[in-house]
Amino acid sequence: MAAADDLAFHEFKEATNLLAETPDAATTSQSDELTSREHVAVVVGSSIGYGAEEVEEGDKTLLLQEEKPEPRFWTFDYYQSFFDVDTSQVLDRIKGSLLPHPGHNFVRHHLRNRPDLYGPFWICATLAFVLAVTGNLTLVLAQRRDPSIHYSPQFHRVTAAGITIYCYAWLVPLALWGFLRWRQGMRERMGLYSFLETVCVYGYSLFVFIPTVVLWLIPVQWLQWLFGALALALSAAGLVFTLWPIVREDTKLVAAALLSIVVLLHTLLALGCKLYFFQPLPLLDHGVPASQATPLSSSVLLSTPARSMTTF
């Protein structure tokens with residue numbers, strides 16, 4: 001207790017002497033210095049702790065992002081990545097399908113392990129719509145050339161074109177992918193495209209038929225068949241050049257049979273579209289359509305016995 005009193009008296013004496021020399025000077029005691037030091041220590045410690053908490057929270061956020069589960073196939077996020085393409089990529093893939101040549105693999109040079117469903121979906125939709133519209137336009141143009149032809153809108157062609165194109169663009173790649181996967185299990189050296197890559201190849205291969213269908217509006221049969229043959233050759237060549245690096249590791253018989261079936265199915269699709277949507281109108285010698293001539297002949301046959309009975 002005496003020591004504390006002596007310390008306080010000593011401090012008071014020093015402060016008195018300092019005030020006597022410099023009246024404007026401020027005084028601080030040792031206890032104030034100790035208090036300030038403790039305050040600085042608390043502030044620094046709290047700031048260091050706050051920074052450590054921020055770093056720890058950042059690490060937790062990164063771990064949560066890394067451990068984020070993959071979206072399920074029935075969710076929208078799963079399919080969103082397949083539509084994540086820009087215009088330049090779609091145009092590059094369309095260009096690759098229009099200009100096939102040997103040694104140029106469509107999957108390796110254009111898809112680059114990033115298949116999309118945006119291009120195949122809209123190509124199939126556009127082709128189905130154009131087929132239905134141009135098929136109706138052929139009847140309109142035929143009616144202008146021959147007034148005896150009666151035109152009625154055929155909306156069922158839109159449904160028929162959509163079902164045909166989409167089934168071909170999905171079911172045929174599915175069957176092809178399943179067969180190649182089966183053959184891969186039998187021959188170890190065979191590679192394999194994914195199912196989405198196969199669908200993407202088939203979808204972009206159908207683009208060449210869109211301008212061809214528009215050109216089929218020209219009412220010249222041999223010119224229509226010429227345009228169809230050119231489009232079929234380009235589209236089928238793109239499929240063959242893309243599939244050849246995969247099937248060449250198989251036996252020659254299987255490779256030749258598989259590529260022949262691919263070309264045959266593509267040919268059947270082109271022929272079906274040409275004959276169903278752009279079929280030539282069967283006219284009689286005097287220019288009356290066969291659909292109008294049939295009921296006329298039946299009415300004449302029915303009226304003949306009636307006249308014979310009245311005369312008798």
Side-chain angles (χ1 to χ4, degrees), residues 90 93-94 97-98 117-174 199-239 261-296:
V90 174
R93 295 173 182 185
I94 291 175
S97 66
L98 291 175
L117 296 179
Y118 179 86
F121 175 81
W122 286 111
I123 288 174
C124 293
T126 305
L127 180 59
F129 180 77
V130 172
L131 270 174
V133 171
T134 51
N136 280 271
L137 284 178
T138 54
L139 295 178
V140 175
L141 297 177
Q143 184 183 19
R144 296 186 63 179
R145 294 193 304 268
D146 189 355
S148 62
I149 300 175
H150 177 68
Y151 166 73
S152 60
Q154 299 179 352
F155 297 104
H156 65 278
R157 291 192 173 188
V158 180
T159 306
I163 293 176
T164 303
I165 298 301
Y166 276 102
C167 287
Y168 178 81
W170 281 91
L171 296 181
V172 174
L174 178 62
V199 171
C200 195
V201 170
Y202 264 83
Y204 280 101
S205 69
L206 296 177
F207 179 83
V208 68
F209 290 105
I210 296 177
T212 303
V213 168
V214 177
L215 292 175
W216 279 349
L217 287 174
I218 301 175
V220 180
Q221 286 294 321
W222 69 267
L223 199 57
Q224 293 179 357
W225 286 108
L226 177 62
F227 290 145
L230 291 176
L232 177 62
L234 289 175
S235 184
L239 292 177
I261 292 174
V262 168
V263 175
L264 178 62
L265 292 176
H266 224 56
T267 305
L268 292 177
L269 177 68
L271 285 175
C273 292
K274 175 65 176 66
L275 297 177
Y276 180 78
F277 295 96
F278 297 90
Q279 55 184 347
L281 296 176
L283 300 178
L284 298 178
D285 295 336
H286 55 277
V288 181
S291 60
Q292 297 181 5
T294 302
L296 179 61

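Judged by distance alone, with hydrogens and angles left aside, the side-chain atoms of Gln224 form no donor-acceptor pair with the main-chain N or O of Leu217 at under 3.5 Å. Remark: side-chain polar atoms of Thr212 are not paired, donor with acceptor, to backbone N or O of Gly228 under 3.5 angstrom. The backbone N or O of Ile123 sits nowhere less than 3.5 Å from a side-chain atom of Thr126 that would complete a donor-acceptor pair. For the pair Ser235 (side chain) and Ala231 (backbone), a donor-acceptor distance under 3.5 Å is absent.
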Margin query: Using the rule given for side-chain contact (heavy atoms from CB on, under 4.5 Å), can you reason through Leu265 versus Leu269, listing the C-alpha separation, both sets of side-chain angles and the distance that settles it, and then say yes or no?
Written below: CA-CA 6 Å; Leu265 292 176; Leu269 177 68; over 6 Å; no
Next item on the list: Show your reasoning for whether side-chain contact (heavy atoms from CB on, under 4.5 Å) applies to Tyr202 and Trp170.
Entry: CA-CA 8 Å; Tyr202 264 83; Trp170 281 91; over 6 Å; no
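Taking Phe207 as the reference, nothing meets the ring-ring contact (aromatic ring centres under 6.0 Å, His included) condition, with sequence neighbours excluded.
Leu232 has its side chain out of reach of Val208: every pair of non-hydrogen atoms, C-beta onward, lies at least 4.5 Å apart. By the 4.5 Å heavy-atom criterion applied to side chains, Ile94 and Val90 are counted as neighbours. The shortest distance between side-chain heavy atoms of Leu234 and Leu98 does not fall below 4.5 Å. Using a 4.5 Å heavy-atom threshold, the side chains of Ile218 and Phe227 count as touching. Side chains of Phe278 and Val213 form a contact here, defined as non-hydrogen atoms less than 4.5 Å apart. At a threshold of 4.5 Å between non-hydrogen side-chain atoms, the residues Leu206 and Cys124 count as touching.
Within 6.0 Å of the OH atom in Tyr166, the count of heavy atoms belonging to other residues, nucleotides or ligands exceeds 12. Summarising the local packing, OH of Tyr118 is surrounded by 12 or fewer heavy atoms from other residues, nucleotides or ligands at distances under 6.0 Å. Residue Trp225 qualifies as enclosed at atom CH2: its count of foreign heavy atoms under 6.0 Å is above 12.
Pro120 and Cys200 get closest at one heavy-atom pair: CG-CA, 3.8 Å. In plain terms, the two heavy atoms of Thr134 and Leu131 that are nearest each other are OG1-O, 3.2 Å.
Note: Ile261 CD1 to Leu268 CG = 11.5 Å, rounded to the nearest 0.5 Å.
If you run side-chain contact (heavy atoms from CB on, under 4.5 Å) between Cys167 and each of Leu171, Thr164, Ile165, only Leu171 comes through.
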Can you give each donor-acceptor pair under 3.5 Å made by side-chain atoms of residues 156-163, sequence neighbours left out, with the distance rounded to 0.1 Å?
from: Arg157; atom 1: NE; to: Gln154; atom 2: OE1; distance (Å): 2.5
from: Arg157; atom 1: NH1; to: Gly135; atom 2: O; distance (Å): 3.3
from: Arg157; atom 1: NH1; to: Phe277; atom 2: O; distance (Å): 3.3
from: Arg157; atom 1: NH2; to: Gln154; atom 2: OE1; distance (Å): 2.9

